[in-house]
Amino acid sequence: MITTDSAPGSPCWLDLGAPDVRAAAAFYGAVLGWRYAPMGETGAEETDGGMFQKDGKAVAGLGPLTEKGARSAWMIYFAVEDADATTRAVESAGGSVRVAPKDLGDWGRMAQFTDPLGGQFAVWQPGSNAGFELTDAPGALAWTELYTSDAEASKEFYGGVFGWQYGDMELPGDGGAYTLIRPAGLPEERMQGGLMELPKESLAPADGRPYWHPVFGVTDCDAAVAEVTGHGGTVQMGPVDAEGVGRLAVCLDPSNADFVLLTPAPPPAA
């Protein structure tokens, strides 16, 4: 369960870097029912970046790609109490700094990093803005997932940086282990994501490097997938039913940014 309380180590925001902001806004509007609100003064260019909203609540950010040669991808931000201390922890654990800690007005303080295996992630030290206004609902972030080439190394790194707690579960059909993630000191119902080891050839979206991707809740996975393909996206897997999880599909938007759609399984009968 992902919440809006910004508990340290929990997902608190995500944004998309896109080569065509208007096209990305139209695509996710069709698939997830999002409204795109450009930032800045009234009349600001839609291509400058802004916020996605669902039912009037902020769910994600969108902006143009700013790095030469960068791929379009979702960046997940994890809440921290001190972005500068987290930066030191990242470097001590073998990671590197992509964007040094900086203030975004009085909203908060952010930084972006690369883990020792090449996976990219970010942190947010809340100020007046805590991040998400809607989570764990249709049209909002429901789960986060890291595909990595070395599960044990990734667990050690992120555990050292965020203090995450882990629990491994075996996947059916000799599919290997799937590691469940939750923030330090919080109960099992606060599981926020998973971590899974894959061979480098299966990490094609990031050229063999690990990568994080978001899982968005939807009321009807098949209908949402039809919107994906109908608006220029593609489907890598599914829709498929996962026992105890729900119906899901792994998708790429028209610029090949990856994400997952999930219609959660109903809770077990009392």
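FYI, side chains are in, hydrogens and waters are out, and symmetry mates aren't considered; it's all heavy atoms of this structure.
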- Item | Rounded distance [0.5 Å steps], OG in Ser255 versus CG in Asp20 | 7.0 Å
- Item | Residue pair Val161, Asp115: steps toward the side-chain contact (heavy atoms from CB on, under 4.5 Å) verdict | CA-CA 10 Å; Val161 171; Asp115 70 28; over 6 Å; no
- Item | Partner set under side-chain hydrogen bond (donor to acceptor under 3.5 Å, both in side chains) for Thr263, not counting sequence neighbours | none
- Note on the structure: d(Gln192 CD, Ile76 CD1) to nearest 0.5 Å is 9.5 Å
- Counterpart residues, side chain to side chain contact (heavy atoms under 4.5 Å, CB included), relative to Asn256 (two or more places apart): Leu252
- Message: Which residue in the set Val80, Thr87, Thr86, Asp82 passes side-chain contact (heavy atoms from CB on, under 4.5 Å) when paired with Pro101?
- Response: Thr87
- Query: With no hydrogens and no angle check, do the side chains of Thr148 and Ser154 hold a donor and an acceptor under 3.5 Å apart?
  - Reply: yes
- Message: Going by ring pair (Phe, Tyr, Trp, His ring centres under 6.0 Å), name the residues that satisfy it together with Tyr211, two or more places apart in sequence or in a different chain.
- Response: Tyr147, His213
- Task: Name all residues meeting the side chain to side chain contact (heavy atoms under 4.5 Å, CB included) criterion together with Asp55; count only those two or more places apart in sequence or in a different chain, and write none if there are none.
- Result: none
- When you measure from the side chain of Tyr36 to the backbone N and O of Ala26, does any donor-acceptor pair fall under 3.5 Å? no
- Message: Using every non-hydrogen atom in the two residues, find where Val21 and Gly63 come nearest and quote the distance to one decimal.
- Response: CG2-C, 3.7 Å
- Message: With a 3.5 Å distance limit and no angle check, can you tell me whether Trp74 reaches the backbone of Ala257 through a side-chain donor-acceptor pair?
- Response: no
- Message: Tell me the closest heavy-atom pair linking Ala151 and Leu195, and the distance in Å.
- Response: CB-CD2, 3.7 Å
- Leu14/Phe52 under side-chain contact (heavy atoms from CB on, under 4.5 Å): CA gap, chis, key distance, verdict: CA-CA 10 Å; Leu14 76 164; Phe52 281 122; over 6 Å; no
- Check the pair Arg88, Glu91 against salt bridge (charged side-chain N to carboxylate O under 4.0 Å, His left out), reporting the backbone distance first and the verdict last. CA-CA 5 Å; Arg88 293 190 290 271; Glu91 293 179 313; over 6 Å; no
- Message: Under the ring pair (Phe, Tyr, Trp, His ring centres under 6.0 Å) test against Tyr158, which residue among Tyr166, Phe113, Phe78, Trp212 passes?
- Response: Trp212
- Under 4.5 Å between side-chain heavy atoms, hopping through other hydrophobics if needed: is there a path connecting Leu65 to Phe27? no
- Message: Would you say that Asp258 contacts Val250 through its side chain, given a criterion of any heavy-atom pair below 4.5 Å between the two side chains?
- Response: no
- Query: Can you check whether Asp253 reaches Leu16 side chain to side chain, under 4.5 Å on heavy atoms?
  - Reply: yes
- Message: Can you list everything that forms a side-chain hydrogen bond (donor to acceptor under 3.5 Å, both in side chains) with Asp136? Sequence neighbours excluded, please.
- Response: none
Could you pull out every donor-acceptor pair under 3.5 Å between side chains of residues 181-190 and any protein atom, sequence neighbours left out?
| unit_1 | atom_1 | unit_2 | atom_2 | d |
| --- | --- | --- | --- | --- |
| Arg182 | NH1 | Leu186 | O | 2.5 |
| Arg190 | NH1 | Asp5 | OD2 | 3.0 |
| Arg190 | NH2 | Thr3 | OG1 | 3.2 |
| Arg190 | NH2 | Asp5 | OD1 | 3.2 |

- Message: Walk me through whether Leu248 and Val240 qualify under side-chain contact (heavy atoms from CB on, under 4.5 Å).
- Response: CA-CA 6 Å; Leu248 60 87; Val240 63; 4.0 Å; yes
- Item | Side chain Asn129, main chain Gly131, donor-acceptor under 3.5 Å | yes
- Query: Do Leu117 and Leu198 belong to the same hydrophobic cluster, where Ile, Leu, Val, Met, Phe, Trp and Tyr are linked whenever their side-chain heavy atoms lie under 4.5 Å apart, directly or via other members?
  - Reply: no
- Phe121 vs Val90 side-chain heavy atoms within contact, under 4.5 Å: yes
- Query: Can you name the nearest heavy-atom pair linking Asp220 to Asp222, along with the distance?
  - Reply: OD1-N, 3.1 Å
- Using side-chain hydrogen bond (donor to acceptor under 3.5 Å, both in side chains) as the criterion, list what pairs up with Gln112, not counting sequence neighbours. Tyr77, Arg98
- Item | Interatomic distance, Leu62 atom CG to Asp15 atom CG [nearest 0.5 angstrom] | 8.5 Å
- Glu145 side-chain N/O to Met196 backbone N/O, donor-acceptor pair under 3.5 Å: no
- side chain to side chain contact (heavy atoms under 4.5 Å, CB included) partners of Lys57, counting only residues at least two apart: Glu133, Leu134
- Test ring pair (Phe, Tyr, Trp, His ring centres under 6.0 Å) applied to Phe132 - qualifying residues, sequence neighbours left out: Trp13
- Task: Please identify each residue that fulfils ring pair (Phe, Tyr, Trp, His ring centres under 6.0 Å) with Phe259, with sequence neighbours left out.
- Result: Tyr28
- Query: Does Arg71 reach the main-chain N or O of Pro205 with its side chain, forming a donor-acceptor pair under 3.5 Å?
  - Reply: yes
- Would you confirm whether Ser72, through its side chain, and Gly17, through its main-chain N or O, come within 3.5 Å as a donor-acceptor pair? yes
- Task: Measure the CZ-NZ distance between Arg35 and Lys54 for me, rounded to the nearest 0.5 Å.
- Result: 13.0 Å
- Non-hydrogen atoms of Gly244 and Ala265 that approach each other most closely: C-CB, 4.2 Å
- Does the Ser6 side chain pair with the main chain of Cys12, one donor and one acceptor, at a distance under 3.5 Å? no
- Minimum side-chain heavy-atom gap Gln125-Val123 below 4.5 Å: no
- Query: Counting only heavy atoms not in Glu243, do more than 12 fall under 6.0 Å of its CD?
  - Reply: no
Run the side-chain donor-acceptor check on residues 223-236: report pairs under 3.5 Å with partners two or more places apart or on a different chain.
| unit_1 | atom_1 | unit_2 | atom_2 | d |
| --- | --- | --- | --- | --- |
| Glu227 | OE1 | His231 | ND1 | 3.3 |
| Thr229 | OG1 | Val225 | O | 3.3 |
| Thr229 | OG1 | Ala226 | O | 3.2 |
| His231 | ND1 | Glu227 | O | 2.9 |

- Task: Give, for atom CE of Met1 and atom CE of Met191, the distance between the pair rounded to the nearest 0.5 Å.
- Result: 11.5 Å
- Query: Roughly how far, to the nearest 0.5 Å, is the CZ atom of Phe216 from the SG atom of Cys251?
  - Reply: 10.5 Å
- Task: Could you please spell out the steps behind the side-chain contact (heavy atoms from CB on, under 4.5 Å) verdict for Thr144 and Ile2?
- Result: CA-CA 9 Å; Thr144 63; Ile2 295 177; 4.3 Å; yes
- Test item: Leu141 and Val59 side chains (from C-beta on) under 4.5 Å apart, heavy atoms: no
- Contacts of Trp124 that satisfy side-chain hydrogen bond (donor to acceptor under 3.5 Å, both in side chains) - sequence neighbours left out: none
